Amino acid sequence: MTSPSPIFHMLPDAPDPVAPFSHAVEHDGWVLLTGQMPFLGTDLGSGYPEGIEAQTRQVMKNLTAVLEGCGLGLQNVLQVRIYLTNFDRDYDQMNAVYASYFPADRRPARTCIGVGGLAKGALIEIDMVARRF
């Protein structure tokens, strides 16, 4: 369902924002998901799991919660951006975990970027673009 005005989604089952933003913004069937951190719960004090593999799984869990809160799933994701604080060390392990979330013949377009730091000391952040279809 499309709307003439953007919808700003704040979802109770997704982690609290670390800054002033919505979990997702939707317009004309497009849903832009704000980058998620690997928080273990919805409270910002819930902490992160140890290591890139566990943090990647947690970020994907948090993104799935946002998608589900918008009535979508991973099958609606068309584009992904991944940010890693230690690109050379974590890239291969992150990819192994990430690949398990999408069928080999239906993977979203993707960019992966090494960055100098992420909020609250996370090793990874991922944002997504999804579409209702």
Side-chain angles (χ1 to χ4, degrees):
M1 173 188 289
T2 60
S3 169
S5 299
I7 300 167
F8 298 87
H9 295 279
M10 288 302 296
L11 305 162
D13 294 331
D16 295 336
V18 297
F21 55 72
S22 299
H23 288 118
V25 176
E26 179 172 357
H27 189 261
D28 198 26
W30 291 96
V31 182
L32 310 173
L33 280 72
T34 295
Q36 288 295 306
M37 312 307 291
F39 289 110
L40 290 165
T42 58
D43 181 81
L44 297 183
S46 63
Y48 300 147
E50 291 292 323
I52 190 61
E53 291 171 330
Q55 286 198 20
T56 302
R57 278 190 285 281
Q58 189 63 46
V59 168
M60 292 300 293
K61 179 179 178 182
N62 294 345
L63 286 162
T64 299
V66 174
L67 287 166
E68 289 174 354
C70 295
L72 302 170
L74 289 171
Q75 71 276 8
N76 297 94
V77 176
L78 300 176
Q79 197 270 334
V80 174
R81 284 182 297 251
I82 300 171
Y83 307 89
L84 296 173
T85 58
N86 195 325
F87 193 92
D88 292 336
R89 181 192 71 199
D90 293 340
Y91 185 72
D92 291 338
Q93 291 175 295
M94 176 279 300
N95 273 324
V97 173
Y98 172 86
S100 71
Y101 288 87
F102 299 99
D105 64 340
R106 194 160 164 72
R107 291 187 174 145
R110 194 186 94 172
T111 301
C112 188
I113 303 164
V115 297
L118 292 168
K120 309 282 186 186
L123 300 176
I124 185 170
E125 180 175 351
I126 302 176
D127 65 38
M128 295 178 164
V129 175
R131 177 107 169 122
R132 292 191 187 279
F133 46 81

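Keep in mind it's a predicted model, so treat the numbers as computed, not measured. Every heavy atom of this structure was used, including side-chain atoms; hydrogens, water molecules and symmetry mates were not.
- Taking every heavy atom of both residues into account, Thr34 and Leu63 meet most closely at O-CD2, 4.1 Å.
- Note on Tyr48 and Val18: same hydrophobic cluster, where clusters join Ile, Leu, Val, Met, Phe, Trp and Tyr whose side-chain heavy atoms are under 4.5 Å apart, directly or indirectly.
- The closest side-chain donor-acceptor pair between Arg110 and Asn95 falls under 3.5 angstrom.
- The side-chain heavy atoms of Leu78 and Pro108, taken from C-beta on, include no pair separated by under 4.5 Å.
- With a 4.5 Å cut-off on side-chain heavy atoms, Arg131 and Val31 do not count as touching.
- Thr85 and Ala122 make their closest contact through CG2-O, 3.3 Å (heavy atoms, listed as atom of the first residue, atom of the second, distance).
- No side-chain heavy atom of Ile126 sits less than 4.5 Å from a side-chain heavy atom of Tyr83.
- Closest approach of Leu84 to Cys112, counting heavy atoms only: CD1-SG, 3.7 Å.
- Of all non-hydrogen atoms in Gln58 and Pro38, the two that sit nearest each other are CG-O, 3.2 Å.
- The side-chain contact (heavy atoms from CB on, under 4.5 Å) with Gln36 is formed by just one residue from the set Asp127, Ile124, Asn62; it is Asn62.
- Between Leu11 and Cys70, the closest side-chain pair of non-hydrogen atoms falls below 4.5 Å.
- Ring orientation note: the planes of Tyr98 and Phe102 are tilted relative to one another, at an angle of 30° to 60°.
- Linking Ile, Leu, Val, Met, Phe, Trp and Tyr whenever their side-chain heavy atoms come within less than 4.5 Å puts Val97 and Phe87 in one cluster.
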Step-by-step salt bridge (Lys or Arg N to Asp or Glu O under 4.0 Å) determination, Arg81 to Glu125: CA-CA 8 Å; Arg81 284 182 297 251; Glu125 180 175 351; over 6 Å; no
